[in-house]
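Keep in mind the model is a prediction, meaning the values are calculated, not measured. In the text below, chain A, chain B and the rest are named by the order of the sequence lines, each starting its count at 1.
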4 protein chains.
Amino acid sequence: MTVKDRQRKEKKVHIVQAAAKVFAQKGFSRTVMADIAVEAGIGKGTIYEYFDSKEDLFFAVFQWFVHKIGVETRVRVSALGGSASERLEALNDSLINSWLEMEELYTLIMEFWAASSSSQMKGKFKGAFREGYSEFRHIVSALIRDGIDRGEFRSDVDAESVAAALVGTWDALLLQAWFDDAFDPFATARSFMSALIGGLKKEW
Amino acid sequence: MTVKDRQRKEKKVHIVQAAAKVFAQKGFSRTVMADIAVEAGIGKGTIYEYFDSKEDLFFAVFQWFVHKIGVETRVRVSALGGSASERLEALNDSLINSWLEMEELYTLIMEFWAASSSSQMKGKFKGAFREGYSEFRHIVSALIRDGIDRGEFRSDVDAESVAAALVGTWDALLLQAWFDDAFDPFATARSFMSALIGGLKKEW
Amino acid sequence: MTVKDRQRKEKKVHIVQAAAKVFAQKGFSRTVMADIAVEAGIGKGTIYEYFDSKEDLFFAVFQWFVHKIGVETRVRVSALGGSASERLEALNDSLINSWLEMEELYTLIMEFWAASSSSQMKGKFKGAFREGYSEFRHIVSALIRDGIDRGEFRSDVDAESVAAALVGTWDALLLQAWFDDAFDPFATARSFMSALIGGLKKEW
Amino acid sequence: MTVKDRQRKEKKVHIVQAAAKVFAQKGFSRTVMADIAVEAGIGKGTIYEYFDSKEDLFFAVFQWFVHKIGVETRVRVSALGGSASERLEALNDSLINSWLEMEELYTLIMEFWAASSSSQMKGKFKGAFREGYSEFRHIVSALIRDGIDRGEFRSDVDAESVAAALVGTWDALLLQAWFDDAFDPFATARSFMSALIGGLKKEW
DNA sequence: CATGAATGAGGCTTCATTCAT
DNA sequence: GATGAATGAAGCCTCATTCAT
């Protein structure tokens with residue numbers, strides 16, 4: 001039975017990945033179930049053996065995406081070393097880098113945003129987004145608090161707020177890069193980080 | 001004839017505003033033309049006297065929105081006074097404030113994002129977004145450069161990058177607030193600004 | 001406005017009649033909306049301007065049918081004259097006759113029966129059937145009671161029961177005729193009526 | 001091999017009974033093969049080892065039903081004793097009784113009726129119905145003819161017609177009871193029978 | 001100009017049936 | 001023989017768009 005369960009799970013993931021690709025290319029409403037079936041190399045009806053509806057599948061793609069990002073980010077963070085400033089800057093580079101590598105998935109995020117505001121499942125989407133952002137903020141704020149604790153950053157810094165802003169900044173720089181090929185999120189982020197870190201550091 | 005033209009223009013705007021409301025409530029694809037007609041108090045066919053298609057109307061809503069935001073922001077900025085730091089902080093408050101006031105329109109932006117990545121008109125959407133962001137960055141970077149020129153900010157600050165990051169931060173804090181009712185973008189933004197401005201300022 | 005309403009009603013009836021024809025030929029589930037549209041000479045989507053769903057249309061056909069039968073029967077009964085026995089026999093002839101004339105609609109009734117037991121709207125179907133039978137029984141029992149009041153029939157006859165049985169008998173003889181081309185509902189009904197009326201009449 | 005054949009037959013009957021239950025609950029088209037498999041406690045594919053198609057299975061259910069009714073009725077009739085009148089009345093009670101006991105199967109009959117008028121196999125259904133009714137009429141008419149031969153009933157009574165009508169009456173009273181919970185087929189049938197038998201009996 | 005009744009292309013979903021295991 | 005995962009034909013319904021009034 002466990003073998004069967006595993007196979008079933010693998011097939012679900014297979015479909016989800018095929019769907020992710022098509023959704024990323026065409027967006028949710030312009031995507032047709034038949035396209036996903038073709039992409040996954042299966043019959044149209046088979047999708048419904050694994051997912052209840054198009055929306056259900058879309059949400060599964062969303063969850064898979066959130067999970068994937070979460071795992072990758074945690075791996076990235078755990079690999080960091082050095083002072084808090086160095087780790088922040090390294091995280092900055094690492095994140096921007098990894099996101100630039102999966103540019104083709106930006107569309108998905110925008111579709112997720114739209115789904116979180118107008119889909120019938122908007123509650124579920126919002127909830128998952130909320131948790132994802134929350135987790136990400138905690139990772140970053142822990143890093144900043146660590147800098148404060150070490151005496152590297154000023155003690156009057158509001159770690160939570162700065163973390164929230166940073167998280168948002170990464171988001172938004174990539175968004176601007178998405179709109180503007182001439183925009184260099186990498187350079188922009190570095191310049192910004194150096195200014196921000198200047199503001200965080202203890203003056204003496 | 002000019003009178004007629006004016007009337008025509010007014011009716012277009014009327015339809016656009018009605019459409020904006022409905023699109024904001026239901027998103028693009030779940031919105032049906034009939035709803036817009038009802039909201040505008042006109043016949044379904046009349047919409048097609050003013051717009052070529054649903055997408056065309058949606059793009060008109062987008063343009064109207066971008067224009068509206070642009071005007072409001074410029075007005076807001078031109079009203080600022082004081083030192084560069086003070087003006088940045090005032091702009092921060094002002095922007096967050098004004099956006100919180102039109103929460104019901106967030107949905108629209110997310111729909112615009114989605115449209116800019118998957119709609120048939122994605123080129124047009126991306127272009128308008130690019131220009132909007134660019135304009136906004138210029139406004140903010142001018143403010144920062146002014147601070148540098150006045151000797152208030154450090155001369156090695158990259159005004160463009162910081163501006164880009166700030167613009168993105170506002171975007172993204174509001175997004176996080178959209179997902180999480182417990183998230184206070186106002187307080188977060190202020191804390192963050194004070195840290196950032198600390199990093200911008202000349203040490204002496 | 002009344003003109004428009006009238007036109008709308010006429011079109012509804014037009015669709016109902018087209019649908020009745022197709023449902024009678026193919027039954028409910030083998031009937032395809034497109035067939036009805038073709039039969040009615042309209043577009044597929046137009047049906048949905050007048051009816052919510054296939055089931056809704058089917059129920060409308062049912063109601064139209066019940067109404068039609070009701071009206072025809074009342075007309076038939078009101079035209080009867082003579083003694084109670086004569087009127088019963090005349091009604092017998094008249095009903096069998098009229099039903100034989102619309103043989104092509106038998107299928108509909110059987111579909112209605114099936115719908116009343118397994119359709120999602122079975123409650124509504126059962127209710128309408130109940131009322132239809134009830135009305136029919138009242139008509140016949142009134143006739144029999146009249147015969148009792150006139151002293152033509154025995155006073156210990158249970159008019160309601162006999163009416164119910166008679167109504168059922170007509171139903172069932174036609175059903176048997178439907179199954180068996182060699183079965184003559186006309187002759188059978190007459191023989192039976194004479195025996196039954198013999199049992200109703202006062203002996204003296 | 002005979003053992004295997006018997007086992008095969010038993011399994012067929014098992015499936016038929018499971019199918020009968022599901023068809024009775026949901027009707028033909030709303031029934032899905034998977035439900036039947038679950039009810040029978042077997043795999044979906046197994047049904048196709050025993051029956052060619054859904055329609056084929058449905059027809060098998062029909063035949064099983066007709067057979068079952070036929071056997072039960074013959075048993076019932078053979079148990080009757082007394083005068084012809086008494087046997088008719090006893091048969092009346094017995095039939096109504098037994099049908100009331102299997103109310104949950106009425107739905108099946110209505111489905112069979114519908115199938116006999118619109119299914120692809122309507123010829124076969126009609127044929128079986130014809131034979132079933134014919135057999136039933138013969139049973140009843142034999143009873144009546146016996147009454148005539150004994151000098152209990154009038155010799156000018158048309159036994160065939162009265163039998164046909166009686167058979168139909170039972171059918172239709174149960175149908176009316178199906179539609180109307182307040183309708184008492186038992187009492188109605190008895191009152192009717194007494195009137196009818198009065199018309200059959202010799203006056204002297 | 002304004003309208004809304006009519007349209008039909010198109011998509012999601014169901015489910016009887018097949019067939020590899 | 002038994003199974004149930006896979007299939008794809010088929011059908012209901014939606015809705016952007018048209019056009020006669």
Report the distance from atom [atom1] of [X] to atom [atom2] of [N], rounded to the nearest whole Å.
X        : N       : atom1 : atom2 : result
Asp35(C) : dA10(F) : CG    : P     : 13 Å
Arg30(C) : dG11(F) : CZ    : C1'   : 14 Å
Asp5(C)  : dG4(E)  : CG    : C1'   : 15 Å
Lys12(D) : dG1(F)  : NZ    : C1'   : 16 Å
Ile47(B) : dC15(F) : CD1   : C1'   : 12 Å
Lys26(B) : dT14(F) : NZ    : P     : 14 Å
Phe51(B) : dA16(F) : CZ    : C1'   : 16 Å
Ile36(A) : dC12(E) : CD1   : P     : 8 Å

Where the side chain of Tyr48(A) is concerned, which of dT3(F), dC12(E), dA6(F) is the nearest nucleotide?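 So the side chain of Tyr48(A) is nearest to dC12(E).
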Candidate nucleotides dT13(E), dT17(E), dA16(E), ranked by approach to the side chain of Val32(D) - the nearest: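 Of dT13(E), dT17(E), dA16(E), dA16(E) is nearest to the side chain of Val32(D).
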Where do Phe51(B) and Val16(B) land on the side chain to side chain contact (heavy atoms under 4.5 Å, CB included) test, with the steps shown first? CA-CA 10 Å; Phe51(B) 302 93; Val16(B) 162; 3.6 Å; yes
Between Phe28(D) and Phe28(A), who's closer to the 5' end of DNA chain E by nearest nucleotide?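 Its nearest nucleotide being more 5', the pick is Phe28(A).
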Given DNA chain E, 5'-ward residue of the pair Gly41(B) and Gly41(C), judged by closest heavy atom: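 Per heavy-atom nearest nucleotide, the more 5' residue is Gly41(B).
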With no hydrogens and no angle check, is any side-chain donor or acceptor of Ser119(A) less than 3.5 Å from a backbone partner on Ser116(A)?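 A pair under 3.5 Å: no.
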Are any non-hydrogen side-chain atoms of Glu111(A) and Ser118(B) less than 4.5 angstrom apart?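 Yes, close enough: below the 4.5 Å cut-off.
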Once you apply a heavy-atom cut-off of 4.0 Å, does [X] come out as touching a base, just sugar-phosphate, or nothing?
X        : value
Tyr50(B) : sugar-phosphate
Lys54(C) : sugar-phosphate
Ser29(B) : nothing

Please tell me which of Lys11(D) and Lys11(A) maps to the more 5' nucleotide of DNA chain F, matching each residue to the nucleotide holding its nearest heavy atom.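 With Lys11(D) and Lys11(A) compared, the 5'-side residue is Lys11(D).
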Could you check Gly45(A) against Met33(B) and say which one's nearest nucleotide on DNA chain F is further toward the 5' end?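 Of the two residues, Gly45(A) wins.
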Do the side-chain N and O atoms of Gln25(D) and Thr107(D) include a donor-acceptor pair separated by under 3.5 angstrom?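 Gln25(D) vs Thr107(D): no donor-acceptor pair found between side chains.
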OP1, OP2 of [N] versus side-chain N and O of [X]: anything below 4.0 Å?
X        : N      : result
Lys44(D) : dA2(F) : no
Thr46(A) : dT7(F) : yes
Arg8(D)  : dG1(F) : yes

Ring pair (Phe, Tyr, Trp, His ring centres under 6.0 Å), paired with Phe125(A), selected from Phe28(A), Phe62(A), Trp113(A):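 Single ring pair (Phe, Tyr, Trp, His ring centres under 6.0 Å) partner of Phe125(A) among Phe28(A), Phe62(A), Trp113(A): Phe62(A).
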Under 3.5 Å for both donor-acceptor distances, Watson-Crick or wobble: does dA9(F) have a partner, and if so which one?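 Its partner is dT14(E) (Watson-Crick or G-U wobble, both distances under 3.5 Å).
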dA20(F) pairs with, by Watson-Crick or G-U criteria that keep both distances under 3.5 Å: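 Pairing partner: dT3(E).
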I'd like to know whether Leu57(D) forms a side chain to side chain contact (heavy atoms under 4.5 Å, CB included) with Tyr50(D), so could you lay out the CA-CA distance, the side-chain angles of the two residues, the decisive distance to 0.1 Å, and finally the verdict. CA-CA 9 Å; Leu57(D) 172 56; Tyr50(D) 295 86; over 6 Å; no
